[in-house]
Protein chains: 2
Amino acid sequence: MTRNPNMREAILSAAESLFSTRGFNAVSIRDIALEAGANPGSVTYHFKSKDGLLLEIYKRHCGPMNKRRIELLVAARRVRDVQDRLEAIVRAYVQPAFSSSSDLAGGGARFTRLRAVMSAEGNAVVGRIIAEIFDDTTNAFIEAIEQSLPHLPRKTLVWRSQFLLGALYYTLVNPERVTRLSRGEADGADMAEAIEQLVSATVASLQAPDINAQVAAEPVAKAGARKAPAGSRSRIP
Amino acid sequence: MTRNPNMREAILSAAESLFSTRGFNAVSIRDIALEAGANPGSVTYHFKSKDGLLLEIYKRHCGPMNKRRIELLVAARRVRDVQDRLEAIVRAYVQPAFSSSSDLAGGGARFTRLRAVMSAEGNAVVGRIIAEIFDDTTNAFIEAIEQSLPHLPRKTLVWRSQFLLGALYYTLVNPERVTRLSRGEADGADMAEAIEQLVSATVASLQAPDINAQVAAEPVAKAGARKAPAGSRSRIP
DNA sequence: TGATAATTTGTACATCTGTACAAAAGAAAA
DNA sequence: TTTTCTTTTGTACAGATGTACAAATTATCA
């Protein structure tokens, strides 16, 4: 090793940080080099191209993150109580996205934010990779949820998993909004609270009746009820 | 008016379309001009700069969209039944984001997608505007929800409104994911269904108990209480 | 009509972009 | 030490970018 024994890592970390906040196209190789204290030429030496650098970031994180997810999912599926199991499953999905088990600089939150930004930009390099690598894991989660909520069609669970991922992404992309709207009552950057809030909200949304579900016999007095009792109390048999 | 009586509109529409799919920095003025069938110089003539063009897009949509939202919110607040009212409130928030009332080319969905992308990129031009213009509307919604769910702290409602917006954004940013994961069972681009699914899931999540709520007395027979420990293990003092 | 204003066009320019590549510097092994 | 390999540096280049601006074109109106 030469001068900076971690130059490669420094570049990766700088790129991750800049990409995840400004997007891919807004960040130049020179920006990254400056942030990492490296020479621009050194970036192409280590990663061949800007795309190669982005790809390397994904390779670095995807494996550990999804591995951790599956580990937690396996444990979650063994939980007896349905309610607790559902919560454990959602937590298994959410938690590694906020802080990956591996101690890669910055943790999983930054990488998840990066994924959110790349997704929004419709990044071509990443498009295929994402679908291929993440869909397997996502499917495992949907199946697990399917087993805990067998009365719901898969279609509905997919929609709700979409909402979960969106909520997850946006929480990392724009945490200031939570702080602002709550007038300081909440801290949007508090990852621990974000996880708890997201898990509890998601568990409830997963348990909502299907939008096409027939309403079982219920003593309805009013005439209104245009959409059926869409809420959570209809959960009670 | 000159050759193309709608050249200004054509440029706006083209820019909106390109920005909302590729992001701000990935799209050049020349790209926009090409898409609009205009000369690059014409873009700077009408909008002064690239930033000015983006700003004009916001000016064009923000007003009508939030106006429609507030209209629907006012109506929603008059709904008697709590459950129905909550649903109407959420729908009042969601629906205009998918299709604005005004018939501006492309409807509200494209603009909402644009907002999602700009938010992810941390676009500086837009940052302030968003907070100033949208926070008022959002606060009106949070207050309305607060009145329907008085037992929940505002903080929790802010978190859940964050999740709603994230879910909304991501549904527009990456609809293909729904189609793919559902194996064709669902169409992620079906806006009508997206709205229904999002509304029903959100209403349920809003009604979830607060993560810090004490569990009221409930005849618990089993070891695992149904809803009680749903929050986190760390919650109990 | 002619005169004036509004729009479109084409060109130009300074700057930034990703990347290539040779030279320099350093580390490792003989 | 010398030799060999790895890494860093500096420079260069072709292309793209945002924007300015004068000329050409078209519309508006007296």
Side-chain angles (χ1 to χ4, degrees), chain A residues 1-60 105 114 117-118 121-127, chain B residues 1-58 60 114 117-118 121-127:
Chain A
M1 302 186 181
T2 59
R3 291 245 254 260
N4 183 349
N6 294 323
M7 188 48 93
R8 208 186 117 100
E9 302 294 330
I11 293 171
L12 274 171
S13 180
E16 204 177 304
S17 169
L18 292 173
F19 285 159
S20 71
T21 50
R22 295 194 217 157
F24 185 74
N25 293 284
V27 175
S28 72
I29 289 187
R30 286 165 179 85
D31 290 337
I32 297 167
L34 188 72
E35 177 90 358
N39 187 285
S42 194
V43 176
T44 66
Y45 168 75
H46 282 290
F47 304 100
K48 176 85 178 161
S49 73
K50 198 182 172 189
D51 284 353
L53 173 54
L54 181 61
L55 222 57
E56 190 59 33
I57 293 174
Y58 272 78
K59 279 188 193 163
R60 182 57 65 105
L114 175 71
V117 177
M118 294 305 131
E121 283 186 323
N123 189 291
V125 180
V126 139
Chain B
M1 303 187 181
T2 59
R3 290 245 257 261
N4 182 350
N6 294 323
M7 189 47 95
R8 209 186 116 99
E9 303 294 331
I11 293 171
L12 273 171
S13 180
E16 205 178 303
S17 170
L18 291 174
F19 285 159
S20 71
T21 50
R22 296 194 219 158
F24 185 75
N25 292 284
V27 175
S28 72
I29 289 188
R30 287 165 180 86
D31 290 337
I32 297 167
L34 188 72
E35 177 90 358
N39 187 285
S42 194
V43 176
T44 67
Y45 169 73
H46 282 289
F47 304 99
K48 177 81 178 161
S49 71
K50 197 182 173 189
D51 284 353
L53 174 54
L54 180 60
L55 221 56
E56 191 58 34
I57 293 174
Y58 273 78
R60 182 57 64 105
L114 175 70
V117 176
M118 294 305 132
E121 282 186 324
N123 189 292
V125 180
V126 137

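Treat the numbers as computed from the prediction; the structure is a model and nothing was measured. Chain naming here is simple, since letters A, B, ... match the order of the sequence lines and numbering starts at 1 in each.
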Identify every side-chain donor-acceptor pair in residues 34-47 of chain A under 3.5 Å, counting partners at least two apart or on other chains, and give the distances.
residue: A/N39; atom: OD1; partner: A/G41; partner atom: N; Å: 2.9
residue: A/T44; atom: OG1; partner: A/G41; partner atom: O; Å: 3.0

Residues in contact with DNA chain D, drawn from residues 34-59 of chain A - heavy-atom cutoff 4.0 Å: A/N39, A/G41, A/S42, A/Y45, A/H46
Distance, rounded to the nearest Å, where A/R30 contributes CZ and D/dT8 contributes C1': 16 Å
Minimum side-chain heavy-atom gap A/L54-A/M118 below 4.5 Å: yes
Atom-pair distance (CD1 on A/I29; C1' on D/dG10), nearest Å: 16 Å
Length of the line joining B/I32:CD1 and D/dG18:P, which is rounded to integer Å: 8 Å
Heavy-atom pair of closest approach, residues A/I57 and A/F19: CD1-CD1, 4.0 Å
Face-on cation placement of A/K50 at A/F24 ring, 6.0 Å and 45° thresholds: yes
A/V27 side chain near B/N25 side chain, heavy-atom distance below 4.5 Å: no
Test item: B/E9 and B/R60 side chains (from C-beta on) under 4.5 Å apart, heavy atoms: yes
Whole-Å gap separating C1' (D/dT8) and CG (A/N6): 16 Å
